[in-house]
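Okay, so here's the structure we're looking at.
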Amino acid sequence: MLPILHPPGIDLNKLMQIQNRIAKNVKREDHLKKLETVAGCDISFAKHNIAWAACVVLDYRTLDPLDQKVEKVRLRFPYIPTFLAFRELEGMLKTARGAEADVYVVGAHGIAHPRRAGLACHLGVILDRPTFGVAKSKLCGDANMPPNRRGSYTLLKDGSETIGAVLRTLPNAKPVYVSVGNKISLKTAIKITLHTTRKHRLPEPIQAAHELATHHAKVASLDPSTPCF
DNA sequence: GCGACAG
DNA sequence: ATCTTGTCGC
């Protein structure tokens with residue numbers, strides 16, 4: 001199934017070694033100097049292998065927008081479960097590098113990954129900044145369903161190891177999966193997720209980045225000759 | 001062998 | 001991820 005999708009020359013064993021190296025450098029404790037700004041990172045697809053990456057910076061207290069970056073990116077790697085970073089990290093870095101923030105929220109998993117090296121970990125280790133992931137569905141691990149109340153959560157475990165939390169950001173909505181990316185604790189990641197979540201199931205930083213990226217992807221697909229800037 | 005599988 | 005309107009329910 002998967003092998004036919006792999007372009008020849010891509011050695012997953014080599015990529016797994018890279019993931020292991022990233023995982024070794026992940027810090028699961030808080031290293032935040034302050035918490036005044038939060039960034040959200042996301043990528044939306046236009047057509048073929050063209051996509052748009054977006055990073056939006058919000059004021060932590062008010063959630064007012066402070067800054068935003070958008071970049072057109074070419075995806076050179078296919079989507080293969082557990083190897084998402086090799087498809088999306090490059091584009092995500094282009095926008096995140098230019099947007100300063102105290103913490104970055106990524107629409108993907110952090111250490112809630114078979115080798116503890118989700119996209120949020122790659123971004124956090126490369127930038128050497130606090131990051132964490134908020135995903136809409138599970139990649140690995142086991143957890144009970146949290147009670148149907150905003151703010152309730154259960155721990156996502158892989159054997160005896162805690163790799164994340166299944167968090168209810170809104171009542172009557174499927175919970176989200178929160179996990180450490182780098183330089184932050186799960187406890188703080190959960191706190192930030194709840195603080196930045198308002199009318200949507202996903203936290204505002206990710207929601208805003210997604211809308212911005214999707215808007216550009218749509219405009220680009222309607223008129224390829226439009227520079228968009 | 002079978003099921004699971006971020007975006 | 002993306003293609004897509006209405007519809008059921010609180």
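In what follows, chains carry the letters A, B, and so on, assigned in the order in which the sequence lines appear, proteins first and then strands, with residues in each chain numbered from 1. All figures in this text were calculated on a predicted structure; none of them were measured in a lab.
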| message | Check the phosphate of B:dG7 against A:H113, side-chain N and O only, distance under 4.0 Å to OP1 or OP2. Yes or no? | response | no
The residue, A:N172 or A:I43, whose nearest nucleotide of DNA chain C is more 5′ is A:I43
**Q.** Stacked pair A:Y177-B:dA6, distance under 5.5 Å, angle under 30°
**A.** no
Check your understanding: With distance as the sole criterion, is a donor-acceptor pair present between the side chains of A:N144 and A:T154 under 3.5 Å?
Key -> no
Any base atoms under 4.0 Å from A:F86, or only sugar-phosphate, or nothing? Heavy atoms, all strands. nothing
### Task
Please work out whether the ring planes of A:Y177 and A:H109 are parallel, tilted or perpendicular, with thresholds of 30° and 60°.
perpendicular
**Message:** With heavy-atom distances below 4.5 Å as the criterion, would you say the side chains of A:H215 and A:K218 are in contact?
**Reply:** no
Review point. With a non-hydrogen cut-off below 4.0 angstrom, is A:S44 in contact with a base, only sugar-phosphate, or nothing?
Key: sugar-phosphate
Shortest non-hydrogen pair, A:T162 vs A:R28, comes out as O-NH1, 4.1 Å
Whole-Å distance, A:F83 CZ to B:dA6 P, equals 13 Å
_Side-chain N or O of A:S137 closer than 4.0 Å to phosphate OP1/OP2 of B:dG7_ = yes
query = At under 4.0 Å between heavy atoms, what does A:G133 touch on the DNA or RNA strands: base, sugar-phosphate, or nothing?
reply = nothing
A:L119 has its side chain closest, among C:dT2, C:dA1, B:dA6, to B:dA6
